[in-house]
Every structure is written in C-alpha cells, then in structure tokens.
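Notes follow once the structure below has been shown.
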Amino acid sequence: MAEESKMPKQSKDYTIIAEIYDYLMRKIDYKDWAKYIYDVIREYIEGELIVLELASGTGKLGTAFSIFSSKFIFTDLSNDMLKAVEDDFTKICCDMTLLPFKQKFNTVISTFDSINYLIDDKDILKCINEIEKILTDDGIFTFDVSLELNSQKYLKHLNRKGKYNDFYYIQQSNYDKMNKIHYNIFSIKKDDIEFKEEHKQRIYSIEEMIEIISQSNLQLLDVFEAFTFEDLHEKSLRAQFVLGKNNVNI
Ligand SMILES: C[S@@+](CC[C@H](N)C(=O)[O-])C[C@H]1O[C@@H](n2cnc3c(N)ncnc32)[C@H](O)[C@@H]1O
C-alpha cells in the first residue's frame with residue numbers, strides 16, 4: 001500500500017497542467033498571434049465581430065483579441081484552464097464537438113494546436129458541423145493545425161523540466177510517426193504528490209484535413225502557412241484554415 005501511494009496520480013488532461021500552463025507558454029507572443037487572427041478574419045468579415053473561441057485554454061489569445069471585439073466568448077473542455085480567464089469575460093466549459101449555443105456568431109476561432117486534440121476524423125467532422133449550426137451565413141471558422149515537421153523539429157525543446165512556484169515538472173514529448181500521434185507526458189510534483197497527464201494529439205496531413213472538410217457542412221475558403229497569407233510549402237510547421245458557408249473556390 002505504501003508503494004502504491006507513491007505512484008503518480010493520473011489526472012485528466014489540462015487539470016494540473018493548468019497551474020503551470022501560462023509559465024510553460026511564457027515565450028509565446030499572444031498579442032502578435034491575436035493580431036494575425038484578426039487580420040485573417042478581416043479578409044472575410046466587415047463590421048462588428050461576434051466571436052466564439054474554442055479550446056481557449058487560459059484565455060491568453062482571447063484576452064489579447066478583446067481589443068478588437070468586446071463580444072467574445074471563451075470556451076474550453078477544461079474548467080481548470082478556464083479558471084485562469086478573467087472573470088469579466090464570458091466563459092463556458094464545453095466540448096468543441098458538442099456546442100451548447102443557440103445564438104449565432106460571425107467568427108469562430110481556435111488556436112495553438114487545439115484541433116490536433118481531436119484524434120478521430122469523425123470528431124473533426126462533428127466539430128465543424130456543430131460550428132456550421134451557430135455560424136452566420138457570412139461567418140467564418142478559422143483554426144490552425146500543427147504539421148508533422150513541427151513535431152519533428154521541436155521535440156528536443158519539448159523535452160524539458162523545471163520548477164514554477166511550488167510545482168516541479170518534467171515534460172516528455174515524443175512523436176509516433178507511424179501512427180501520426182504526438183505525445184506530451186507531464187509529471188508534476190507538488191508537496192510530495194506526483195501527478196501525471198498524458199496529452200495525445202493527432203498530426204493530420206493537409207490532404208487529410210482537406211478531405212475531412214470536404215465531407216463537412218462548411219466550405220474550405222483558404223489555407224495559409226500560419227502567421228502569413230502565403231501558400232503552404234514543404235517546410236511549413238503550422239497551417240491556418242479558413243472555413244465558411246460561402247461557395248468560394250480556393
Ligand atoms: C494547447 S492548449 C491551447 C490553449 C489556447 N488555445 C492557447 O492558445 O493557449 C489546448 C486546449 O484544448 C483544450 N481541448 C482539448 N480537447 C478539447 C475539446 N474536445 N473541446 C474543447 N477544448 C478542448 C484543452 O483543454 C486545452 O485548453
């Protein structure tokens with residue numbers, strides 16, 4: 001029994017990690033990222049933006065985005081992540097494949113690999129079809145996906161350990177190329193109690209994503225190399241998709 005109590009406690013994704021997430025992401029320039037998302041949106045939408053963010057996490061991007069729109073709802077599957085979002089904002093805990101909204105939005109966004117957490121094609125399809133129901137006719141859904149080269153290039157950087165406040169953490173990252181799954185295993189220790197979270201993300205190819213989108217109720221309007229308006233190329237690390245209801249050819 002004594003041995004058993006020393007075993008790490010298996011936590012649900014994004015529960016314990018919520019305590020150190022902003023620290024782990026401290027080098028990310030969310031202001032710049034929000035401005036890029038805003039520029040993408042403005043290619044398609046004029047006027048007031050009514051925004052729903054899926055998988056907003058601790059809300060860093062949405063908070064930076066709030067200078068562009070005061071009508072912004074944060075959502076995430078993890079209540080622990082949402083707790084970090086300032087209470088002045090509207091935040092709702094929900095699964096992006098099952099959206100609880102009746103109101104319509106002209107802008108739905110998701111950033112930073114969140115869509116890669118949907119492991120199954122069917123979940124991506126479900127997510128897009130849920131968005132279609134709450135999107136205005138002229139609205140868009142824009143999201144990024146992390147590509148295979150990103151998984152391969154930054155593995156070393158993602159194998160790290162450190163201390164933040166009272167938390168000691170170890171992150172082990174590996175990419176299963178055969179099954180196209182990127183694993184991040186976090187061991188986090190606080191007050192002699194060790195927790196473990198195992199994050200699993202599927203790395204889709206562009207062709208796979210385009211095929212899934214073609215089966216959905218939304219149209220692919222554009223796909224860019226993320227942070228630019230350029231076409232993707234063989235060295236691209238992240239893709240920015242834009243979907244809408246209009247019949248626009250890319
Ligand atoms: C890498 S974090 C990104 C968070 C935030 N977008 C950012 O830029 O910092 C991924 C987020 O996706 C959320 N997530 C994973 N699966 C989800 C799902 N099915 N529905 C909603 N959120 C989900 C996690 O809880 C986590 O907050």
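Since this is a predicted model, take the numbers as computed values, not measurements. Both counts, for ligands and for their atoms, begin at 1 and track the order of listing.
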> Is the centre of the Phe229 ring less than 6.0 Å from the centre of the Tyr36 ring?
Replying inline: yes
> Which protein residues have a heavy atom under 4.0 Å from ligand 1?
Replying inline: Tyr14, Tyr21, Tyr30, Ala55, Ser56, Gly57, Asp76, Leu77, Ser78, Met81, Cys94, Asp95, Met96, Thr111, Phe112, Ser114, Tyr117, Leu118
> Between Lys200 and Asp176, is there a salt bridge with N-O shorter than 4.0 Å?
Replying inline: no
>> With a 6.0 Å cut-off (strictly less than), is the heavy-atom count around OH of Tyr168, excluding the residue itself, greater than 12?
In response: no
> If you take all heavy atoms of Asp144 and Thr111, which pair is closest and at what distance?
Replying inline: OD2-CA, 3.0 Å
>> Between the side chains of Arg238 and Glu225, is the shortest nitrogen-to-carboxylate-oxygen separation below 4.0 Å, so that they form an ion pair?
In response: no
> Does a donor on one side chain sit under 3.5 Å from an acceptor on the other, for Glu197 and His199?
Replying inline: yes
